[in-house]
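Here the structure comes first, spelled out in structure tokens, and everything after it is commentary.
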Amino acid sequence: MTQFWLVKSEPEAFSWDQQVENGVEPWTGVRNHGAKLNLKAMKLGDRAFFYHSNTGKEIVGVVEVVREAYPDPTAEKGDWVSVDMKAVAPMPQPVTLAAIKADPSLAELALVRQSRLSVMPVSPAHWQQLCEMGKWKT
DNA sequence: GCCAACGTTGGC
DNA sequence: GCCAACGTTGGC
């Protein structure tokens with residue numbers, strides 16, 4: 001069964017434009033145990049919102065998992081993992097954090113509740129709602 | 001094993 | 001630039 005996620009990146013470090021340009025890109029550098037567990041739970045074909053933190057603060061696109069968890073090549077020690085993500089398409093209309101926070105039905109979203117978590121699950125209901133807000137065409 | 005100090009992330 | 005949240009480190 002396909003699951004849904006949200007991954008964050010500071011656009012100064014790695015932006016949606018770079019993801020689109022590269023096509024498939026390893027998602028490395030996660031150094032938080034909660035986020036690591038989420039990476040490990042990702043399956044081929046799962047989709048994730050690509051969120052720009054810090055600058056932008058909005059969901060800008062959708063990516064798909066094309067390789068499941070493997071040891072993070074950028075980790076010098078510890079058993080951190082990476083997955084490979086492929087750009088699917090940009091959000092026709094980016095969904096801002098402000099819009100998410102303004103909607104009471106999204107108050108349970110981990111993005112709102114745990115602002116520091118960089119990889120988090122999104123429930124199917126929330127996924128659908130966020131897609132509608134972003135004018136996502138399925 | 002507890003807890004204070006400190007560092008990092010991310011929103012404002 | 002500030003501050004809240006929270007993870008990590010180190011003394012006891």
Side-chain angles (χ1 to χ4, degrees):
Chain A
M1 173 184 109
T2 304
Q3 296 182 92
F4 300 109
W5 310 91
L6 184 147
V7 294
K8 284 197 223 177
S9 182
E10 294 187 37
E12 285 80 6
F14 181 67
S15 70
W16 170 252
D17 287 345
Q18 288 170 271
Q19 174 77 55
V20 169
E21 195 170 321
N22 297 356
V24 173
E25 180 72 17
W27 198 270
T28 60
V30 169
R31 298 292 182 272
N32 171 282
H33 291 284
K36 183 182 81 172
L37 288 176
N38 290 330
L39 283 180
K40 284 187 161 183
M42 288 185 182
K43 299 295 178 193
L44 282 179
D46 281 2
R47 292 196 162 186
F49 289 126
F50 191 112
Y51 174 84
H52 276 168
S53 64
N54 235 313
T55 306
K57 284 169 290 179
E58 57 190 10
I59 295 170
V60 289
V62 171
V63 291
E64 186 171 313
V65 176
V66 294
R67 183 180 174 189
E68 295 178 8
Y70 59 94
D72 184 343
T74 70
E76 293 185 2
K77 56 178 184 176
D79 69 300
W80 302 107
V81 298
S82 299
V83 298
D84 286 358
M85 298 288 206
K86 182 183 73 175
V88 176
M91 270 288 162
Q93 181 181 313
V95 181
T96 65
L97 181 64
I100 290 168
K101 285 192 163 177
D103 191 330
S105 63
L106 293 170
E108 296 300 310
L109 202 63
L111 184 67
V112 178
R113 296 176 60 96
Q114 276 181 271
S115 65
R116 288 185 57 197
L117 191 61
S118 61
V119 181
M120 65 195 77
V122 176
S123 73
H126 283 157
W127 179 270
Q128 190 180 349
Q129 187 177 351
L130 290 163
C131 282
E132 284 169 13
M133 291 167 76
K135 307 266 194 299
W136 179 261
K137 308 270 195 295
T138 44

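Within every chain, numbering begins at 1; the chains are lettered A, B, ... in the order of the sequence lines, protein sequences first and strands thereafter.
- The distance from atom CD1 of Ile59(A) to atom P of dG11(B) is 12 Å, rounded to the nearest whole Å.
- Note: CD (Glu12(A)) to P (dG11(B)) measures 12 Å, nearest angstrom.
- Between Tyr51(A) and dT9(B) there is no side-chain N or O to OP1 or OP2 distance below 4.0 Å.
- Across the protein-nucleic acid pair, Trp80(A) atom CH2 and dT8(C) atom C1' stand 11 Å apart, rounded to whole Å.
- The side chain of Gln114(A) lies closest to dC6(C), out of dC6(C), dG10(B), dC12(B).
- Side chains of Trp16(A) and Val63(A) form a contact here, defined as non-hydrogen atoms less than 4.5 Å apart.
- With rounding to whole Å, His33(A) atom NE2 is found 16 Å from dT8(B) atom P.
- Taking atom NZ of residue Lys57(A) and atom P of nucleotide dG11(B), one finds them 7 Å apart after rounding to whole Å.
- Spacing between atom CZ of Arg113(A) and atom C1' of dA5(C) amounts to 13 Å, rounded to whole angstrom units.
- For the pair Asn32(A) CG and dC6(C) P, the interatomic distance rounds to 11 Å; values are reported in whole Å.
- Between Trp127(A) and Phe4(A), the ring-plane angle classifies as parallel under the 30° and 60° cut-offs.
- What separates CG of Leu37(A) from C1' of dG7(C) is a distance of 14 Å, to the nearest Å.
- Contact check on Lys36(A) versus Asp79(A) returns a salt bridge, with a Lys/Arg side-chain nitrogen under 4.0 Å from an Asp/Glu carboxylate oxygen.
- The side chain of Lys8(A) contributes an N or O atom lying less than 4.0 Å from OP1 or OP2 of dG10(B).
- Here dA5(C) is the nucleotide among dT8(C), dA5(C), dG11(B) with the atom lying nearest to any side-chain atom of Arg116(A).
- One finds a side-chain N or O of Lys101(A) lying less than 4.0 angstrom from the OP1 or OP2 phosphate oxygen of dC12(B).
- Under the 4.5 Å side-chain heavy-atom criterion for grouping Ile, Leu, Val, Met, Phe, Trp and Tyr, Met91(A) is connected to Tyr51(A) within one hydrophobic cluster.
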